[in-house]
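Below is one structure; the comments refer to it alone.
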Amino acid sequence: MTTYPARIPASVFTQPRRRKPSLKAYIPVALKPRSCGNVDDVYVPRTPTFMSIAYLREAISTIDLRMATLVKERAELETKLETAVRLQSPILRLPSELLSNIFTIGVLETEEDPVMVPTLMLVCRYWAEVALNTPVLWAKISVSAHDSVEKAQRRLNRSKSCPLDVTVNFGPRLEYISNQAIGEHIVDAMELFRPSLWRIKSFSLTVPNRPQAYTALLRCQEDAPILENLTINVHHSMQDDRYSNPPLPLFNGCTPKLRSCSLTSFNFGWDLKLMTGLRVLKLGGYFNSFAPSPSTLLDILRQCPDLEELTLRNMSDLDADSCQGGMIHNDAQVTSKIHLPRLKTASFYYSGIGHTREILSHIAFPNLEHLELSYLENINPLLQDLYEQGLTRLPLKNLRIESCMFNEMKLVNLLRKLPSLVSLQLADIEDITYITLKALSSHQPWACPRLESVTLNGCTSFDWDSLRAFVESRLPADPHAYKRYHTSAASIVSSASAAAADYARMQSRTTGHTGLLAAPQRLRMVDVTRCNQISREMLQWLRMYVETVKCEAAKGIWGEPISL
């Protein structure tokens, strides 16, 4: 009898594992049972794959979209957070009034920068609104070849009612613009500013010729109650003589606050009403019959007792007959000198020896600090007037003399009366010899003990020994009190330091005159430009004892510079 193993039911191999029925689109199909009577032999197909590839890709895309949305929301939140943190900054919480004052100080009280205000407006809208609502920032208005009338109109509107600084500048270097076009621009600019003359604080007009100046100033007939600075500059002063008659009184003769007046080649009839109470007076470019007489200048100075600066440039000198007549007229009219206690700066540049002598001989200037005498021929009378002023009080600090003739002893006598002189500038003076340098080197008593800067530009009459003695006499007694180069221990004690040491010992033994024998200041600058007698070795010696030495470089055969 054959024995067979027990039969294993087919359901063991065909029945699938139980899974969660999660497929939504899956609908099981009912199968009819086989004819076999055993239930385990019924075939049941496997459930399809849980997730398809398309579904997985769709799920990943959905997650990516959610992540992008979250990233965008995070960026927006970060921006809002940055804005909230920035709003907590003190500079953004300043009141508009305080921010406006900061803008005003930063723009007006520093070096003028035309792009400063537009830069401030680009920071943010709040700053732009503050800048637009600050009229002082738009008070400086300019019309020129580079600044249009439309731009001036915008600034004029934004300035509202604050005082204005107006500049109309059409200089002579405008070859690419015709005179007719320049005249039209000037007329348009003056028509623009004409209704605002009442609030102009500073007015500057620069034109090529007199017709354009008169055309512009004919539109300045209204009152200027706050005008303080007036500048009129006509470049071509030797032309257009038919415009000798002045226009109507400028600004209707009403300039009560005018303090600074600078006129170049403009004939205004020398109206004394315009020049009353001035503190700065600058006149230049008057030739032939347009030059003012000395009596006219003295009348102007008499009306300006608080004058602080006086400048006369490029004027025709008086004829011999007219000069004598003017002097007699002045002597009969002027009984005493005109006192100018606040005059600190005076400049006479090619103003005529007659004008200059008449002015200096009839005014008293006890506080004059800066004086320039240039291209005045023989200035011996001027040096004598300065010497007489120095007998009482003359605190002169800067003296410049250029292309003039004089007696050297008169200059030496004047220098001995200038104990406060700091800078002495002599240019193209052939009368300067060893006498002047020797007088500055002498200590009986010291002449100009505070002298620190000496300019000998183009002075070729002095010798090297006098210049060296002058520099050595101003060195301190202690050789270690100043920087210098030493090659050996023996070179530490030089002739300069030995002379200074002898002077110090003599000063210690002297009693009762310590104020007169006080040690002078050491020279800080020496200018020997165009002094052909100074060699390269001499310059090297000067650079050992003087902080700054200026000298024009020597030139070769073909004009090439050769370093010294």
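Below, each value reflects all heavy atoms present in this structure, side chains not excepted, and no hydrogens, waters or symmetry copies.
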With side chain to side chain contact (heavy atoms under 4.5 Å, CB included) as the test, would you mind laying out the steps for N314 and Y286 before giving the verdict?
-> CA-CA 7 Å; N314 300 328; Y286 294 97; over 6 Å; no
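- Considering only residues two or more places apart in sequence or on other chains, K257 meets the side-chain contact (heavy atoms from CB on, under 4.5 Å) condition with E228.
- In this structure, a donor-acceptor pair under 3.5 Å is absent between the side chains of N457 and T455.
- The residue from C448, P395, S453 that alone fulfils the side chain to side chain contact (heavy atoms under 4.5 Å, CB included) condition with L421 is C448.
- Around atom CZ of R450, no more than 12 heavy atoms belonging to other residues, nucleotides or ligands sit under 6.0 Å away.
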What donor-acceptor contacts under 3.5 angstrom involve side-chain atoms of residues 373-382, with partners at least two apart or in another chain?
residue: S374; atom: OG; partner: E372; partner atom: OE2; Å: 3.2
residue: Y375; atom: OH; partner: E402; partner atom: OE2; Å: 3.3
residue: N378; atom: OD1; partner: N380; partner atom: N; Å: 3.2
residue: N378; atom: OD1; partner: N380; partner atom: ND2; Å: 3.0
residue: N380; atom: OD1; partner: N407; partner atom: N; Å: 2.6

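- The two atoms that bring L396 and H370 nearest to each other are CD1-N, 3.9 Å, heavy atoms only.
- Considering all non-hydrogen atoms of both residues, L310 and F348 come closest at CD2-CZ, 4.3 Å.
- Between atom CG of residue L386 and atom NZ of residue K417 there is a gap of 13.5 Å, rounded to the nearest 0.5 Å.
- Taking each heavy atom of T345 and L368 in turn, the nearest pair found is N-CD1, 3.9 Å.
- Ring geometry for Y214 against F266 counts as tilted: the plane angle lies between 30° and 60°, on a 0 to 90° scale.
- The side-chain contact (heavy atoms from CB on, under 4.5 Å) search around P305 returns none, not counting sequence neighbours.
- In this structure a side-chain-to-backbone donor-acceptor pair under 3.5 Å is present from T392 to Q389.
- When atom types are taken as modelled, the side chain of S361 and the backbone of R357 share a donor-acceptor pair closer than 3.5 angstrom.
- In this structure, V207 and V234 have side chains that are in contact, with non-hydrogen atoms separated by less than 4.5 Å.
- Salt-bridge formation is detected for the pair R530/D428: a Lys NZ or Arg NE/NH1/NH2 atom is positioned less than 4.0 Å from an Asp or Glu carboxylate oxygen.
- Counting all heavy atoms, side chain and backbone alike, S461 lies closest to E430 at OG-O, 2.8 Å.
- Considering CH2 of W138 and CZ of R155, their distance stands at 6.0 Å, rounded to 0.5 Å.
- Not one N or O on the side chain of S144 forms a donor-acceptor pair closer than 3.5 Å with the backbone of F170.
- Between the side chain of R199 and the backbone N or O of K160 there is at least one donor-acceptor pair closer than 3.5 Å.
- Considering every non-hydrogen atom in both M315 and L283, the closest pair reads CE-CB, 3.5 Å.
- Residues satisfying the side-chain contact (heavy atoms from CB on, under 4.5 Å) criterion with R416, sequence neighbours excluded, are V412, N413, A439, A447.
- K410 pairs by the salt bridge (charged side-chain N to carboxylate O under 4.0 Å, His left out) definition with nothing, not counting sequence neighbours.
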Might you work through the side chain to side chain contact (heavy atoms under 4.5 Å, CB included) test for I534 and F462, ending with a clear yes or no?
-> CA-CA 10 Å; I534 305 299; F462 68 92; 4.3 Å; yes
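- Applying the salt bridge (charged side-chain N to carboxylate O under 4.0 Å, His left out) test to R219 and every residue at least two apart in sequence or in another chain returns E191.
- R158 contributes no side-chain N or O that, together with a main-chain N or O of V136, makes up a donor-acceptor pair within less than 3.5 Å.
- D317 places a side-chain N or O within 3.5 Å of a backbone atom of G354 that can act as its donor or acceptor partner.
- Legend: salt bridge (Lys or Arg N to Asp or Glu O under 4.0 Å) pairs involving residues 303-313, not counting sequence neighbours, sorted by first then second residue: K282-E309.
- Outside the 6.0 Å centre-distance limit, the rings of F251 and W198 are not counted as a close aromatic pair.
- For the atom pair CG of N267 and CG of D271, the computed distance is 11.0 Å after rounding to the nearest 0.5 Å.
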Evaluation steps, side chain to side chain contact (heavy atoms under 4.5 Å, CB included), between T548 and V526 = CA-CA 6 Å; T548 303; V526 173; over 6 Å; no
Let me have the donor-acceptor pairs involving side chains of residues 116-135, under 3.5 Å, with sequence neighbours excluded, atom names and distances please.
residue: T119; atom: OG1; partner: V115; partner atom: O; Å: 2.6
residue: Y126; atom: OH; partner: L94; partner atom: O; Å: 3.1
residue: Y126; atom: OH; partner: S96; partner atom: N; Å: 3.3
residue: N133; atom: ND2; partner: E129; partner atom: O; Å: 3.0
residue: T134; atom: OG1; partner: S100; partner atom: OG; Å: 2.8
residue: T134; atom: OG1; partner: V130; partner atom: O; Å: 2.6

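- Screening residues 384-420 for ring pair (Phe, Tyr, Trp, His ring centres under 6.0 Å) gives no qualifying pairs among residues at least two apart or on separate chains.
- Note: I432 CD1 to L437 CG = 7.5 Å, rounded to the nearest 0.5 Å.
- Between I141 and the choices L192, L164, D147, the side chain to side chain contact (heavy atoms under 4.5 Å, CB included) rule is met once, by L164.
- With sequence neighbours excluded, the residues satisfying side-chain hydrogen bond (donor to acceptor under 3.5 Å, both in side chains) with N367 are R393.
- When all heavy atoms of L301 and L340 are compared, the closest pair comes out as O-CD2, 4.0 Å.
- D463 is linked by a side-chain contact (heavy atoms from CB on, under 4.5 Å) to Y434, D465, S466, counting only residues two or more places apart in sequence or in another chain.
- Between atom OG1 of residue T231 and atom CG of residue L205 there is a gap of 9.5 Å, rounded to the nearest 0.5 Å.
- R302 contributes atom CZ, which lies 11.5 Å from atom CD1 of I363 (distance to the nearest 0.5 angstrom).
- For the pair E547 (side chain) and R543 (backbone), a donor-acceptor distance under 3.5 Å is absent.
- Although no hydrogens or angles enter the test, the distance criterion places no donor-acceptor pair under 3.5 Å between the side chain of E109 and the main chain of T104.
- Under a 3.5 Å cut-off, the side chain of H355 and the backbone N or O of A291 do not form any donor-acceptor pair.
- Residue pairs satisfying the salt bridge (Lys or Arg N to Asp or Glu O under 4.0 Å) criterion with at least one member in residues 346-356, sequence neighbours excluded, are absent.
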Residue pair I401, L411: steps toward the side chain to side chain contact (heavy atoms under 4.5 Å, CB included) verdict = CA-CA 10 Å; I401 303 177; L411 177 62; 4.1 Å; yes
